[in-house]
2 protein chains.
Amino acid sequence: MDGAAQETAAGRRARRRPSMADVAAMAGVSSQTVSRVANNRTNVEEETRQRVLSAMRVLGYRPNTAARALVTGQFRTLGLISFGLGAFGNARTVDAITRAAQRAGYTVNMIAVESQTERAVHEAFDQLTMQAVDGIVLIEAQILDTPALRLPPGVPVVMADGDVSHRHPMVDTDQALGARLITRHLLDLGHETVWHVAGPEDSYAARRRAESWHATLKDAGAAVPQLLFGDWSAASGYHAGRVLARRPGVTAVFAANDQMALGVMRAMIQAGRRVPEDVSIAGFDDLDEAAYLSPPLTTVRQDFDVVAERIVSLMVDQIEGGTAPSATAFVAPELIVRESTAAPPSA
Amino acid sequence: MDGAAQETAAGRRARRRPSMADVAAMAGVSSQTVSRVANNRTNVEEETRQRVLSAMRVLGYRPNTAARALVTGQFRTLGLISFGLGAFGNARTVDAITRAAQRAGYTVNMIAVESQTERAVHEAFDQLTMQAVDGIVLIEAQILDTPALRLPPGVPVVMADGDVSHRHPMVDTDQALGARLITRHLLDLGHETVWHVAGPEDSYAARRRAESWHATLKDAGAAVPQLLFGDWSAASGYHAGRVLARRPGVTAVFAANDQMALGVMRAMIQAGRRVPEDVSIAGFDDLDEAAYLSPPLTTVRQDFDVVAERIVSLMVDQIEGGTAPSATAFVAPELIVRESTAAPPSA
DNA sequence: TCGCATGATGTTTACGCAAACATGACCTGT
DNA sequence: ACAGGTCATGTTTGCGTAAACATCATGCGA
């Protein structure tokens, strides 16, 4: 073997990133003083501070978070378990949480689980707690296979979406309100009833929307038509739409998200039904594209930023304050009426 | 103040997570043996290993990554700087990178920069290197304000998207090929020329697509119409579409992404132009929804998973192998022909 | 039978940092 | 003038881990 493969202690030291000790040596102070400067403590004379700061600059010093965390027990990092960014809602939620966390001085360590089983969630959870996080946000896009998820204690957890029954604080859009707004809107236009294309059966959000649609119809004394299920994708909406298009008397359809609404719309148009003259279609989410579909889509807008803000502040309260609020916060969505809904044909 | 607010050393010790020492004490071995078991080393007798493992289980031991990282200098974490998950392409890229990283045994620490200026990128970079990452993936969705981005050395960097001229390895979809495929497809249908709604001027991807569109037209001897710009949003596509709809003789439009294509389509339909009978429209990306628009959209599909896989493997090579490949890898996209493109009206 | 390799395990140390405690210098009020 | 305080700074220590080195038994060939 040649000499290049061997490494001297001096060589290693030269290559490694500068530490507080290096800065201290250059500035002619103790490393503790460097620490005080690095952490913006008072009790350092201005002239000394400047000397330390310029030594830091010259050496390109950056504090070593691992070492700092080892001492303080804090990482200033949030773990985030999600089901993937394919679905629009998830991506927006993750995006908003990342930004909110950043404003609060935290970075986000993300894990996408492939299947939302208790096992997978536990694995992700383990990996994250090992991976130095102060708290974990769990986006429970799907209902887990366990009725009562039991996460190891000791790490603050906040749920986004998910079931109210968990023993962790939860923040979510008020899905029930959104579904009620849409359903009422269609009934108020004069439709006798409203059909619903729900999201997957194992989604809490989908379930809440469907339940609220059902309750709203009953409250209004309208007939409750058979429920159809999709999987959030435009393709599944299209399949549901083909079924509905064959059925006479369908004048209003509420799809549980915009992508499925789009699929339903496509199927209707393909079957020769005009939107909204023959059939009204509404979605949920308010995708950026929703306003530019043909026709522009009536939908419900979720405020992901507010949801994320709440999640992060609940998180930070638990981490820094030590309080464990068991609250469940719902953020109100907003009805956006566009051109895909209108009065029924012969009303 | 009452006693509850005070904390004894014993109390603190009781609450803190178990360490190797605790496991070692319970199993009646040295902490080094625990370390060997935790790291799956050989040279531990099976019976001892079992004793240690069960002690770990009983105590709920999880290794402390901060301490481990402090010793090894490795974090098994990748930093990811992106411009936000609002744009479909970004979200898909981030999602794919997260999954690829996970397969390689890394977690992803994500930072979303608000504006892609050199300053913002540097700040994010600083935060991440401090934040204990082994390497950084930079999704350069926008052209930076500096011609030559200079990142602090010492941390492996891989670019996604971005400029070829940077001194870091880069992986991207072959944007030029995609744009050529689309443009040629429209010319081959018999259109005299193809109009282009480009993405924002400060996007590399947008620039490459536009350049390739331009070159393809010239090569074919077609006239090169005036270039329009959008910002990737459906809204901007709509505005461009209104301009194009007023112009007679526009029979084929290539929008630089699907969302803008959708906006263009909306504007055309609103202006009474039929798609594809009067005007053909094509996009780029292949959103899940693209197949369910009315009419279904002809577009180019990018293989984000392959791109992500390459990025992560380049990253891991650098981190673990120490090699610094300066390669630039392009992943070929695929033309997806649907119903939004057809032969020109009177050809 | 002895010496030496091998394998299992223990002991010491260093990683970089901040908390806790220690040391002076200087000030302030009486 | 001196006790008692305040402020800037230094010294010591411990966080949890893995590398390096040390020890001790066991086995095997000469």
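Numbered from 1 within each chain, the chains take letters A, B, ... in sequence-line order. Below, all heavy atoms of this structure are taken into account, side chains as well, without hydrogens, waters or symmetry copies.
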Visitor: Measure the distance from CE on B:Met20 to P on D:dC15 and round it to the nearest whole Å.
Guide: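 Roughly 15 Å, once rounded to whole Å.
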
Visitor: Whole angstrom is fine here: how far is it from CD in A:Glu45 over to C1' in C:dG24?
Guide: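 For the pair A:Glu45 CD and C:dG24 C1', the rounded distance is 14 Å.
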
Visitor: By nearest atom, which of the nucleotides D:dT11, D:dA8, C:dA18 is closest to the A:Asn39 side chain?
Guide: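 When the side chain of A:Asn39 is considered, C:dA18 is the closest of D:dT11, D:dA8, C:dA18.
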
Visitor: Compare side-chain N and O positions of A:Thr33 against OP1 and OP2 of D:dG10 and report whether any pair is under 4.0 Å apart.
Guide: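 A:Thr33 to D:dG10 OP1/OP2: side-chain N or O found under 4.0 Å.
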
Visitor: So what is the end-to-end bend of the helix from C:dT1-D:dA30 to C:dT30-D:dA1, with 5 pairs used at each end and the value given to 10 degrees?
Guide: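 Comparing the axis at each end, I get an angle of 40°.
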
Visitor: Could you tell me the separation between the CD atom of A:Glu47 and the P atom of D:dC7, rounded to a whole number of Å?
Guide: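 Rounded to the whole Å, the gap is 19 Å.
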
Visitor: What nucleotide among C:dC17, D:dT9, D:dG10 has an atom nearest to a side-chain atom of A:Val44?
Guide: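 The closest nucleotide is D:dT9.
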
Visitor: Within this structure, what is the CG-CG distance for the pair A:Asp161 and A:Asn90, rounded to the nearest 0.5 Å?
Guide: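 A:Asp161 CG to A:Asn90 CG: 8.0 Å, rounded to 0.5 Å.
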
Visitor: Can you tell me how far P of C:dG7 sits from CD of B:Glu46, to the nearest Å?
Guide: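 In whole Å, C:dG7 P and B:Glu46 CD are 16 Å from each other.
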
Visitor: Mind calculating the distance between CZ (A:Phe75) and P (D:dC15) to the nearest angstrom?
Guide: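 That distance rounds to 15 Å.
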
Visitor: Is any side-chain N or O of B:Arg36 closer than 4.0 Å to OP1 or OP2 of D:dA19?
Guide: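 Negative; the distance criterion is not met.
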
Visitor: Let me know the distance between CZ of A:Arg17 and C1' of C:dG16, rounded to the nearest Å.
Guide: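 These atoms are roughly 11 Å apart.
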
Visitor: In terms of side-chain heavy atoms of B:Thr72, which of D:dA8, D:dA18, C:dA18 is nearest?
Guide: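 Selected nucleotide: D:dA18.
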
Visitor: Does B:Asn43 put a side-chain nitrogen or oxygen below 4.0 Å from OP1 or OP2 of C:dT9?
Guide: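 Negative; the distance criterion is not met.
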
Visitor: Grab the CZ-C1' distance between B:Arg76 and D:dT17 for me, whole Å please.
Guide: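 After rounding, the gap between these two atoms is 16 Å.
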
Visitor: Within the 4.5 Å heavy-atom criterion, are B:Met26 and B:Val23 side-chain neighbours or not?
Guide: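 Sidechains of B:Val23 and B:Met26: no contact.
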
Visitor: Where the side chain of A:Asn64 is concerned, which of D:dT9, C:dC15, C:dC17 is the nearest nucleotide?
Guide: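 The nucleotide sitting nearest to the side chain is C:dC17.
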
Visitor: What's the closest nucleotide to the side chain of A:Leu70 if the choices are D:dC15, D:dT17, C:dA19?
Guide: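 Out of D:dC15, D:dT17, C:dA19, the nucleotide with an atom closest to A:Leu70's side chain is D:dC15.
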
Visitor: Just to be sure I understand the rule, does A:Val29 reach a base, reach only the sugar-phosphate, or reach nothing, if contact means heavy atoms closer than 4.0 Å?
Guide: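 If one applies the 4.0 Å heavy-atom cut-off, A:Val29 turns out to touch the sugar-phosphate alone, with no base involved.
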
Visitor: What I want to find out is whether B:Arg76 reaches B:Asp134 closely enough, with some N-O distance under 4.0 Å, to be called a salt bridge.
Guide: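 No.
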
Visitor: I'd like to know if the side chain of A:Gln50 pairs up with that of A:Glu46 as donor and acceptor (distance under 3.5 Å, no hydrogens or angles considered).
Guide: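 Result is yes, a qualifying pair exists.
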
Visitor: Charged N to carboxylate O under 4.0 angstrom, A:Arg51 versus A:Glu47?
Guide: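 The answer is yes: the pair qualifies as a salt bridge.
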
Visitor: Tell me whether the side-chain N/O atoms of A:Thr48 come closer than 4.0 Å to OP1 or OP2 in D:dT9.
Guide: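 So the side chain of A:Thr48 is within the cut-off, an N or O lying under 4.0 Å from OP1 or OP2 of D:dT9.
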
Visitor: Rounded to whole Å, please give me the gap between CD in A:Gln74 and P in C:dA18.
Guide: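 The answer, rounded to whole Å, is 13 Å.
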
Visitor: B:Arg41 near the nucleic acid: base, sugar-phosphate alone, or nothing, with a heavy-atom cut-off under 4.0 Å?
Guide: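 Sugar-phosphate: the residue B:Arg41, judged by heavy atoms under 4.0 Å, touches backbone atoms but no base.
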
Visitor: Nearest of C:dG10, D:dT17, D:dC15 to any side-chain atom of B:Gln32?
Guide: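 The answer is C:dG10.
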
Visitor: Does a side-chain N or O from B:Ser35 land closer than 4.0 Å to OP1 or OP2 of D:dA19, or not?
Guide: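 It does not, given that no N or O in the side chain of B:Ser35 lies less than 4.0 Å from OP1 or OP2 of D:dA19.
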
Visitor: On DNA chain C, does the nearest nucleotide to A:Val71 precede the nearest nucleotide to B:Arg51 from the 5' side, or the other way round? Give the residue.
Guide: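 Here B:Arg51 is the residue nearer the 5' end.
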
